[in-house]
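Have a look at the structure below, then the notes.
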Protein chains: 2
Amino acid sequence: MNRAQANMPSSPLGRKINSYMSLTSEERTFLADLERNVTRHGSRSDLLQQGERYGCVRVMRKGWAIRHKALPDGRRQVVNFVLPGDIIGFYCNLFETADHGVTTLTPAEVANFQPERIIELFKLFPRLAAALAWSGAKEEAIIAERLLSVGRRTALERTAHLIVELLRRLSIVGLVEEGRFTLPVTQEILADALGLSIVHINRTLRRLRDIGLIDLAGQQITVHDVKQLASVGQFDELYLHLIQAPKQLEHALDAKPDRKRAGD
Amino acid sequence: MNRAQANMPSSPLGRKINSYMSLTSEERTFLADLERNVTRHGSRSDLLQQGERYGCVRVMRKGWAIRHKALPDGRRQVVNFVLPGDIIGFYCNLFETADHGVTTLTPAEVANFQPERIIELFKLFPRLAAALAWSGAKEEAIIAERLLSVGRRTALERTAHLIVELLRRLSIVGLVEEGRFTLPVTQEILADALGLSIVHINRTLRRLRDIGLIDLAGQQITVHDVKQLASVGQFDELYLHLIQAPKQLEHALDAKPDRKRAGD
DNA sequence: CGTTACCTTGATATCGTTCAAGTACCGTGG
DNA sequence: CCACGGTACTTGAACGATATCAAGGTAACG
């Protein structure tokens with residue numbers, strides 16, 4: 001966090017990567033170039049539709065979105081929240097069609113680039129490729145944790161857990177102030193993220209408010225006692241480490257591959 | 001499937017990759033070398049414990065395992081089934097500690113290699129790196145689909161869906177014969193995978209049997225009418241495509257990166 | 001032949017859903 | 001400035017899917 005301003009990438013993605021691996025100027029240039037083509041979208045607009053052929057890879061620069069999957073009869077599951085700095089459809093572009101949709105929750109600023117650039121990335125900037133791949137693994141970990149929530153935690157626990165998760169993720173990109181952040185979601189979306197009904201989410205939030213763990217005012221949510229909320233949600237510190245930066249990543253990425261060769 | 005025997009990699013991982021991207025002999029050699037160090041494990045042994053520091057990367061060669069996460073009070077969620085050809089902890093080695101455990105369900109044959117080899121892989125064989133990364137994305141898609149199941153499908157639907165999923169995945173590696181395959185799991189494990197109680201899984205399986213969709217005999221399960229079972233589980237063809245090989249992957253990986261340069 | 005692990009099924013309890021009704025808020029057009 | 005309609009939130013009441021409790025049953029194994 002104490003790096004010279006001049007060296008700080010200006011995009012959330014750049015900042016995110018920079019937070020666990022310092023970038024060479026070539027890498028920085030390449031990354032910035034990927035984010036050059038920016039488009040703006042209104043609230044509630046589809047960045048990707050389930051079943052659609054993938055177009056370009058997208059990077060969220062500003063705003064929130066959700067990744068969601070729907071059943072034919074309309075039941076829906078929100079798989080994850082897409083926050084600034086997150087990538088949409090990284091490898092997925094190699095799939096035939098999208099198995100999920102992505103929809104903005106707020107007005108959003110999105111960078112777009114061609115999937116071929118990813119192959120280029122793999123060939124020219126292996127360190128960067130590995131870093132982005134690691135980022136993808138992190139997302140998988142988040143989804144697995146949500147699966148644990150939905151499969152095994154009670155309504156109160158899952159709700160508490162999700163709030164702590166969002167708090168943690170947002171504070172990495174500097175969007176939390178004194179336990180307060182903007183939560184631009186309807187209760188319907190929370191319900192779809194947690195596998196609950198709207199009514200029950202409503203009652204659960206009320207309970208969390210009554211206990212005095214959170215405050216809700218419009219889209220502002222305030223977490224009074226993160227520790228207690230985390231304990232209600234059984235928020236695991238192991239999981240926290242995943243969301244934050246790994247210490248040995250940079251070191252690992254800088255290891256010279258040639259020293260120990262493959263077929264010794 | 002009609003490639004010359006001589007060119008067919010002998011390991012499930014090699015076969016899996018070979019199924020969507022033909023490998024150069026260097027790549028094949030590197031891959032084979034990764035799998036050189038094989039260890040054997042009994043049934044119900046932990047290949048990785050939740051909270052443990054990651055050791056080496058592992059490749060499942062023979063047998064089944066589960067990836068699972070537990071809550072402090074013992075509740076448990078099975079995140080995914082690890083089948084032959086699957087990799088355990090690919091990028092995850094860059095995390096501090098494991099956020100999940102991996103436990104064998106059958107006697108297993110596992111290949112082990114050092115995490116540094118992955119960096120090596122990224123630097124020396126970008127095509128292979130991208131292919132493995134894609135494989136990881138596929139796993140994420142599978143987990144997301146399970147999240148949809150657990151969050152939004154009824155017990156009957158999820159159970160049907162899981163059976164079809166396993167059938168599909170196993171047939172890729174040639175482990176299904178006429179709708180029949182070995183399912184080396186207890187009902188407790190199924191319950192933990194689907195977010196249900198043991199009792200309820202039992203009743204649900206009974207219902208599927210009564211309807212005549214499946215037959216169970218010990219660990220042998222026979223699916224009589226895949227189509228009907230898939231329709232009960234709302235098994236999506238989009239999802240099926242994910243599990244199987246992408247057509248354009250190889251083409252994409254062969255694109256020359258040097259033609260269009262980064263910072264033109 | 002007793003012990004253990006797993007499967008099975010009935011009875012009862014509960015968490016979360018569905019249905020229903022009402023409220024608050026906001027933008028829009030008269 | 002007010003009436004209107006839409007969207008989201010809220011709360012009560014009844015219902016239902018799934019959990020929990022309890023009690024066998026069966027097969028494998030030392």
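Side chains included, hydrogens not; waters and symmetry mates left out as well; all remaining heavy atoms used. Letters A, B, ... mirror the listed sequences (proteins, then strands); counts begin at 1.
The residue A:Gly218 sits apart from the nucleic acid: no heavy atom pair falls under 4.0 Å. Residue B:Arg209 is in sugar-phosphate contact alone, with no base atom involved, counting any heavy-atom pair closer than 4.0 Å across all strands shown.
A salt bridge does not link A:Arg180 to A:Asp215: none of the charged side-chain nitrogens sits closer than 4.0 Å to a carboxylate oxygen.
For the pair B:Leu183 CG and C:dC6 C1', the interatomic distance rounds to 15 Å; values are reported in whole Å. Protein atom CG of B:Asp192 is 14 Å distant from nucleotide atom C1' of C:dC6, rounded to whole Å. Protein atom CD1 of B:Ile189 is 14 Å distant from nucleotide atom C1' of C:dC7, rounded to whole Å.
For B:Arg44, a side-chain nitrogen or oxygen approaches OP1 or OP2 of C:dC6 to under 4.0 Å. In terms of phosphate contacts, B:Gln187 brings no side-chain nitrogen or oxygen within less than 4.0 Å of OP1 or OP2 of C:dA5.
Think of the region where chain B sits on DNA chain D: with heavy atoms and a 4.0 Å cut, that region ends 5' and 3' at D:dT18 to D:dC21.
Within the model, atoms CZ of B:Arg203 and OG of B:Ser197 stand 8.0 Å from one another, a figure rounded to the nearest 0.5 Å.
Sorted by residue number, the members of residues 196-206 of chain A with any non-hydrogen atom under 4.0 Å from DNA chain D read A:Val199, A:Asn202, A:Arg203, A:Arg206.
No side-chain N or O of A:Thr97 forms a donor-acceptor pair with one of A:Glu52 less than 3.5 Å apart.
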